[in-house]
Peer 1: 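Have a look at this one.
Source: prediction; values computed, not measured.
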Amino acid sequence: MSLSKIALTTLVATFLSSAAYAESTPASSPPAMSATGADGGHGMMHGMFTQEERMMLFADMAKATSGMTDDQKHAYRHGQRDRIMAMTDTDRAKFKADLDSRWNALSADQKADMTAKMQAFRAEHHDHDGDK
């Protein structure tokens, strides 16, 4: 058997095994956590919420943690993450619907302001990651 046939066979076997694994994984299972507590450093709930929902969460957490120390903010964020991850699919769908309805109730100016704040936060956070 030639090297190209071996490589092709390996590639096909990889695709088939990954497809079988994807079918066997329950669709409602939450994202797996890495040792750092996040999936790939992008936040474990990144794929769970739309960008608009994440902005509403960001605004909610900013309001809730204003005046807190960094340690208190950290504990609050982890508590919120744990609470969301412990939700049933039905509860999470209701939570997401509430975030969506609140986002849709915002004026265009409020949405633009929140988007600008989120982009500034991301830029600042990204710059900190690059400095490490």
Side-chain angles (χ1 to χ4, degrees):
M1 189 177 262
S2 70
L3 183 58
S4 61
K5 287 183 181 180
I6 293 172
L8 180 61
T9 304
T10 303
L11 183 63
V12 169
T14 302
F15 282 129
L16 291 176
S17 64
S18 63
Y21 176 74
E23 287 178 9
S24 69
T25 304
S28 64
S29 64
M33 288 178 58
S34 70
T36 62
D39 62 336
H42 296 292
M44 66 188 305
M45 294 186 294
H46 184 77
M48 192 181 298
F49 295 103
T50 65
Q51 180 178 351
E52 292 80 10
E53 292 166 346
R54 286 192 306 271
M55 283 193 277
M56 290 306 300
L57 284 169
F58 179 83
D60 290 347
M61 287 192 191
K63 287 177 191 173
T65 60
S66 73
M68 289 185 181
T69 66
D70 287 344
D71 289 341
Q72 290 170 327
K73 289 178 183 180
H74 182 78
Y76 180 84
R77 285 191 307 268
H78 281 275
Q80 289 297 96
R81 183 197 64 206
D82 293 344
R83 181 180 67 86
I84 292 168
M85 295 304 295
M87 288 179 177
T88 64
D89 289 342
T90 304
D91 290 339
R92 192 174 297 127
K94 289 177 187 175
F95 183 68
K96 287 169 63 70
D98 177 62
L99 293 172
D100 289 333
S101 68
R102 291 186 353 202
W103 172 262
N104 292 332
L106 296 175
S107 70
D109 289 342
Q110 289 171 313
K111 289 178 181 178
D113 183 50
M114 192 177 291
T115 301
K117 287 179 182 176
M118 181 62 101
Q119 289 172 343
F121 175 82
R122 284 184 183 147
E124 180 183 328
H125 187 72
H126 180 71
D127 289 345
H128 284 310
D129 288 345
D131 292 340
K132 291 182 180 177

Peer 1: Side chain to side chain contact (heavy atoms under 4.5 Å, CB included) for L57 and Q80? Distances and angles first, verdict last.
Peer 2: CA-CA 10 Å; L57 284 169; Q80 289 297 96; over 6 Å; no

Peer 1: Report the C-alpha separation of E52 and M114 in whole Å, then their side-chain angles, then the decisive distance to 0.1 Å, and conclude whether the side chain to side chain contact (heavy atoms under 4.5 Å, CB included) test is met.
Peer 2: CA-CA 9 Å; E52 292 80 10; M114 192 177 291; over 6 Å; no

Peer 1: Which ring-ring contact (aromatic ring centres under 6.0 Å, His included) pairs, counting each pair once, include a residue from residues 72-91, with sequence neighbours left out?
Peer 2: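 Sorted result for residues 72-91: H74-H78.
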
Peer 1: List, one per line, each side-chain donor-acceptor pair under 3.5 Å for residues 58-69, sequence neighbours excluded.
Peer 2:
from : atom 1 : to   : atom 2 : distance (Å)
D60  : OD1    : R102 : NH2    : 2.7
D60  : OD2    : R102 : NH1    : 3.4
D60  : OD2    : R102 : NH2    : 2.6
T65  : OG1    : M61  : O      : 2.7
S66  : OG     : K63  : O      : 3.4
T69  : OG1    : Q72  : N      : 3.2
T69  : OG1    : Q72  : OE1    : 3.4

Peer 1: Quick one: side-chain hydrogen bond (donor to acceptor under 3.5 Å, both in side chains) partners of S101, sequence neighbours excluded?
Peer 2: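 S101: no side-chain hydrogen bond (donor to acceptor under 3.5 Å, both in side chains) contacts found.
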
Peer 1: Enumerate the residue pairs fulfilling ring-ring contact (aromatic ring centres under 6.0 Å, His included) with a member in residues 86-116, sequence neighbours excluded, ordered by first and then second residue.
Peer 2: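 For residues 86-116: none.
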
Peer 1: What pairs of residues pass the salt bridge (Lys or Arg N to Asp or Glu O under 4.0 Å) test when at least one of them lies in residues 105-117, not counting sequence neighbours?
Peer 2: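 Listed by first then second residue: D113-K117.
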
Peer 1: Would you confirm whether D98, through its side chain, and K94, through its main-chain N or O, come within 3.5 Å as a donor-acceptor pair?
Peer 2: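 Pair absent, no side-chain N/O of D98 close to backbone of K94.
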
Peer 1: Rounded to the nearest 0.5 Å, what separation is found between the CZ atom of F49 and the CZ atom of R92?
Peer 2: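 Spacing of CZ (F49) from CZ (R92) equals 7.0 Å.
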
Peer 1: Q110: which residues meet the side chain to side chain contact (heavy atoms under 4.5 Å, CB included) condition with it, sequence neighbours left out?
Peer 2: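 Testing Q110 for side chain to side chain contact (heavy atoms under 4.5 Å, CB included), a comparison that skips the adjacent residues, returns L106, S107.
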
Peer 1: Would you please name every residue forming a salt bridge (charged side-chain N to carboxylate O under 4.0 Å, His left out) with E53, sequence neighbours left out?
Peer 2: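 Applying salt bridge (charged side-chain N to carboxylate O under 4.0 Å, His left out) to E53 gives K96.
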
Peer 1: Considering all heavy atoms of both residues, which atom of M118 and which atom of R54 are nearest to each other, and what is their separation?
Peer 2: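 Smallest heavy-atom distance, with atoms named: CE-O, 3.8 Å.
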
Peer 1: Distance check, rounded to the nearest 0.5 Å: D100 atom CG versus T50 atom OG1?
Peer 2: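 So the CG of D100 and the OG1 of T50 are separated by 5.5 Å.
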
